[in-house]
Peer 1: 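Take this structure, written in structure tokens, and hold onto it; I'll ask about it next.
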Amino acid sequence: MARHLAAGAVPPPALRGDALPAPAAPDARPGRRASGIGVGAAFGTFTAAQLRAVADAAGRDGVRVTPFRLLYLPGTDAAMPRCDDLLTDPHDPLLRVRACIGAPVCPQARAVTREAARAIAPLLADGMTAHVSGCAKGCAHPGPADLTLVGRAGAFDVVADGAAWDVPQRRGVAAARLAELFGA
């Protein structure tokens with residue numbers, strides 16, 4: 001690059017640093033679009049039955065994998081796939097919750113996470129985010145959330161506006177009592 005600049009080359013504005021970056025694109029969401037259908041799965045994990053339903057619903061253009069934890073069915077001839085736990089509504093409350101695989105699958109997890117995440121998802125206020133982690137590593141969401149639940153001894157420690165490794169405001173909340181956090 002130095003040789004090109006010395007020879008008089010003028011880089012485009014983006015490389016000179018005097019251009020503004022393009023605005024961030026909105027988060028990719030499931031649902032119907034003019035050009036096809038975006039389909040998600042709870043917590044980004046598709047089952048074999050869900051993949052079969054997506055493949056069966058795909059039109060002649062097939063299925064595309066996106067970097068946004070979604071499958072995309074391009075074209076207007078695709079049908080909306082039907083299968084339990086497929087996310088096709090862009091406002092589904094499960095989209096606001098990140099949850100690791102949890103116990104018993106992960107040896108580090110100290111609580112069952114996905115059931116807890118499903119229980120709290122409909123209780124979250126609009127725009128609120130949650131992270132349910134089986135341990136303090138926070139693998140599913142490496143940053144703060146409005147509400148973070150961290151598994152410990154089969155129950156959850158509660159962190160408000162923080163990450164899984166932050167100091168909890170409450171300790172040892174049983175999964176069956178998580179709704180009480182929302183005043184329900």
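Hydrogens, waters and symmetry mates are skipped; everything else that's a heavy atom, side chains included, is used.
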Peer 1: State, to 0.1 Å, how close Gly102 and Ala109 come at their nearest heavy-atom pair, and which atoms those are.
Peer 2: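 Looking at all heavy atoms of both residues, the shortest contact is C-CB, 3.4 Å.
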
Peer 1: Any ion pair linking Asp85 and Arg118 (charged N to carboxylate O, less than 4.0 Å)?
Peer 2: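 The answer is yes: the pair qualifies as a salt bridge.
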
Peer 1: State whether the side chain of Asp146 and the backbone N or O of Thr129 hold a donor-acceptor pair below 3.5 Å, judged by distance alone.
Peer 2: yes

Peer 1: Which atom pair, heavy atoms only, marks the closest approach of Gly134 to Thr113?
Peer 2: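 Taking Gly134 first and Thr113 second, the nearest heavy atoms are N-CG2, 3.3 Å.
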
Peer 1: How about Ile120 and Leu147: do any of their side-chain heavy atoms sit closer than 4.5 Å?
Peer 2: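 Contact flag for Ile120/Leu147 side chains = yes.
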
Peer 1: Between SG of Cys83 and CZ of Arg52, what distance do you get to the nearest 0.5 Å?
Peer 2: 11.0 Å

Peer 1: List, one per line, each side-chain donor-acceptor pair under 3.5 Å for residues 164-173, sequence neighbours excluded.
Peer 2:
| unit_1 | atom_1 | unit_2 | atom_2 | d |
| --- | --- | --- | --- | --- |
| Asp166 | OD2 | Ala163 | N | 2.7 |
| Gln169 | OE1 | Ala160 | N | 2.7 |

Peer 1: Take a 6.0 Å sphere around CZ of Arg177 and say whether it holds more than 12 heavy atoms from other residues, nucleotides or ligands.
Peer 2: no

Peer 1: Quick check for you: to the nearest 0.5 Å, what is the distance between Thr45 atom OG1 and Arg69 atom CZ?
Peer 2: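 Going from the OG1 atom of Thr45 to the CZ atom of Arg69 covers 7.0 Å.
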
Peer 1: Between Thr47 and Gln50 (side chain of the first, backbone of the second, donor and acceptor by atom type, cut-off under 3.5 Å), is there such a pair?
Peer 2: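 Yes: the side chain of Thr47 pairs with the backbone of Gln50.
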
Peer 1: Any heavy-atom pair between the side chains of Leu94 and Phe43 that's under 4.5 Å?
Peer 2: yes

Peer 1: What are the two closest non-hydrogen atoms of Ala111 and Ala155, and how far apart are they?
Peer 2: CB-O, 3.7 Å

Peer 1: Taking all heavy atoms of Pro81 and all of Ala53, pick out the closest pair and write down the distance.
Peer 2: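 The answer is CB-O, 3.8 Å.
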
Peer 1: Please answer whether the main-chain N or O of Ala130 pairs with a side-chain N or O of Arg98 as donor and acceptor at a distance below 3.5 Å.
Peer 2: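 No; judged by distance alone, with no hydrogens or angles, the pair does not exist.
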
Peer 1: Can any side-chain N or O of Arg110 pair as donor or acceptor with the backbone N or O of Arg152 at less than 3.5 Å?
Peer 2: no

Peer 1: Examine distances only and state if a side-chain atom of Tyr72 and a backbone atom of Gly36 form a donor-acceptor pair shorter than 3.5 Å.
Peer 2: yes

Peer 1: If we ignore hydrogens and angles and just use 3.5 Å, is the side chain of Arg64 paired with the main-chain N or O of Gly62 as donor and acceptor?
Peer 2: no

Peer 1: Looking only at heavy atoms, which two atoms of Ala99 and Ala140 are closest? And how far apart?
Peer 2: C-CB, 3.5 Å

Peer 1: So, do Arg29 and Leu95 sit near enough that their side-chain heavy atoms are less than 4.5 Å apart?
Peer 2: yes

Peer 1: Contact between Val97 and Val132 at the side-chain level, heavy atoms closer than 4.5 Å - yes or no?
Peer 2: yes

Peer 1: Answer yes or no: is there a side-chain heavy-atom contact under 4.5 Å between Cys135 and Val150?
Peer 2: no

Peer 1: Does the His4 side chain pair with the main chain of Ala7, one donor and one acceptor, at a distance under 3.5 Å?
Peer 2: no

Peer 1: How far does SG of Cys100 sit from NE2 of His141, to the nearest 0.5 angstrom?
Peer 2: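 Here the interatomic distance stands at 13.0 Å.
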
Peer 1: Looking at Phe156 and Ser133, what are the two nearest heavy atoms and their distance?
Peer 2: CE2-O, 4.3 Å

Peer 1: Tell me whether Val158 is reachable from Val112 by hopping between hydrophobic residues (I, L, V, M, F, W, Y) whose side-chain heavy atoms are closer than 4.5 Å.
Peer 2: no

Peer 1: Connecting only ILVMFWY residues whose side-chain heavy atoms lie within less than 4.5 Å of each other, what is the rest of Val54's hydrophobic cluster?
Peer 2: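 Answer for Val54: Ile37, Val39, Phe46, Leu51, Val63, Val65, Leu71, Leu73, Met80, Leu86.
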
Peer 1: Would you check if Leu178 and Leu149 make a side-chain contact, meaning some heavy-atom pair closer than 4.5 Å?
Peer 2: yes

